[in-house]
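Chain letters run A, B, ... following the sequence lines, proteins first and then strands; every chain starts at 1. Computed from a prediction, not measured in an experiment: that's the story for all the values here.
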There are 2 protein chains.
Amino acid sequence: MTDAPVPDVKALSATALPHGESAARIAAALREEILGGGYQPGERIRQQELAAQNGASRVPVREALRILEAEGLVTLVANAGSWVSSLSAQECKEMYQMRERLEPLLLRFSTDSLSEDVIDQLQQLADLMQESTDIEQFIALDRQFHLLSYSAASTIMLGDTIMRLWNRTQHYRRAYTRMFRAERDDSVHYDHQLLVSALRNRDAEDAERVLASHIRRTRLALARHPEIFAA
Amino acid sequence: MTDAPVPDVKALSATALPHGESAARIAAALREEILGGGYQPGERIRQQELAAQNGASRVPVREALRILEAEGLVTLVANAGSWVSSLSAQECKEMYQMRERLEPLLLRFSTDSLSEDVIDQLQQLADLMQESTDIEQFIALDRQFHLLSYSAASTIMLGDTIMRLWNRTQHYRRAYTRMFRAERDDSVHYDHQLLVSALRNRDAEDAERVLASHIRRTRLALARHPEIFAA
DNA sequence: GTACTGCTGATTGCATTCAATCACAGCGAG
DNA sequence: CTCGCTGTGATTGAATGCAATCAGCAGTAC
């Protein structure tokens, strides 16, 4: 009972995987789990449990937790444990203000190099989102849309920082989306369409402005629903 | 010769320090060492060595390296080793562009809450810098000046991100400072004086503009000296 | 002389093991 | 009944030891 329940599967996957990537792999798995909603903010993470799930010992798990701590997704307290990070309304607002200034910059870097193909894909994603009824699907499409619009930018830290901002606010964006659907606010979709137009015209200036407004609008909408951050 | 040369001191400090903070402590020590110029970009970091220096085993050292990797100060490659991260001219430019957009925001958050005392200190630091002849001292004062100007802002991720940007570019700022002294460029000092004035007037708009120009000017100056990034 | 192969030492990656710390239940005193 | 104390179980922190991997070099074949 104290041993792993599926030792054969564990051995199978362990031997198939390369030596020297455990920490990164575990971190990636946990990250996906958190972003996907499998863990709630404030939920405790037990090292032993994670180790068993990934067929590894606690040492690489601890390294993985350090990685996610640095990304802000997990909070570690010495001798106490680790929890999925949660945000206050204030912190979330701050991150949206950062996004408001950073993402237009990344978009500018991307605009000129975007292929027509990718812009077509963006158009499709925007249309799909407008017709989407499933919340999880909408969340995924929205993320895809924006990240794809940045995909032609070859940056190091800027893209990375923005990814962190997206990840840390992911849970609250999901909570907000539930509200948004109730309120039937279509401005999000208009923003997306305007963005695609600006990109097609290679008008970086306009694209920056539209994107800044888009993020700002979301920030203000979030501010109107402080109940999301009740914790 | 393979053992630690000062086992007594090691034991002394180990027992005096709390249990459960090793990784953070080692990370902090290595961070200071890198920022202080003790390590050069591209220099290799050996786990065993670091462990011996800090009187710990390699396990917390590995956690510390993961922390610094996430901060961008260290680069890890599986089964190969870890090195102090180095930047290309392109990456450095990118980080300065990020700073150009983010730091004015942080300064805005800080402006209203800065006490007159702190503004006086800023004035003193600006004056000291102008008279400073030692490069290391100038670097330290400049860092103090800007971080102090942000000190009244109570942010979570914004301040953190900016600190990372400062840290990752620290080595190249040091290299640039050597150039700057040769070129006798005083615009840096004028910027600082203008910044103090704006803060004293509580003119956040003006402070933002001055700071953005200040950072932009440094970025352009760095771009004129690509030889700094020869690697 | 050059390219390839196998070996050796050094270094990293991870599992195991033990020590330190904390949370909490149960008990007793006021 | 409330407050404080103590002991036990659970959980984390870190040291040790072994396996996996890599870099460099000697030796050999061509």
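Here the side chains of B:P41 and B:I34 are not in contact, with every heavy-atom distance at 4.5 Å or above.
Side-chain N/O atoms of B:Q47 include one lying less than 4.0 angstrom from OP1 or OP2 on C:dG13. When the side-chain nitrogen and oxygen atoms of A:S22 are compared with OP1 and OP2 of C:dC14, one or more of them lie within a distance under 4.0 Å. In terms of phosphate contacts, B:R46 brings a side-chain nitrogen or oxygen within less than 4.0 Å of OP1 or OP2 of C:dT11.
Residue B:R62 contributes atom CZ, which lies 18 Å from atom P of D:dG17 at whole-angstrom precision. Straight-line distance from the CG atom of A:L65 to the C1' atom of D:dG13: 13 Å, rounded to whole Å. Taking atom CD on A:E63 and atom P on D:dT12, their separation rounds to 16 Å, with Å as the unit. For B:Q48 and C:dT11, the CD to P distance is 8 Å, given to the nearest whole Å. Taking atom CG of residue A:N54 and atom P of nucleotide C:dC14, one finds them 12 Å apart after rounding to whole Å. Rounded to whole Å, the distance from CG on A:L50 to C1' on C:dA15 is 17 Å. As a whole-Å value, the separation of B:E21 CD from D:dT12 P is 15 Å. When rounded to the nearest whole Å, the span between CZ of A:R25 and C1' of C:dC14 equals 11 Å.
For B:N79, the listed nucleotide lying nearest its side chain is C:dG13; candidates were D:dT12, C:dG13, D:dT16.
With respect to the salt-bridge test (charged N to carboxylate O, under 4.0 angstrom), the residues A:R168 and A:E91 do not qualify. Note on A:R99 versus A:E103: salt bridge recorded, some NZ/NE/NH1/NH2 to OD/OE distance being below 4.0 Å.
Using a 4.0 Å heavy-atom criterion, one finds that A:I45 contacts the sugar-phosphate atoms exclusively. Here B:R58 lies in heavy-atom contact (under 4.0 Å) with a base.
The neighbour count for B:R217 CZ, taken as heavy atoms of other residues, nucleotides or ligands under 6.0 Å away, is above 12.
For the pair B:A80 and A:P60, both in contact range of DNA chain C, the more 5′-proximal nearest nucleotide belongs to B:A80.
The shortest heavy-atom contact between B:T218 and B:Y96 is CG2-CE2, 3.7 Å.
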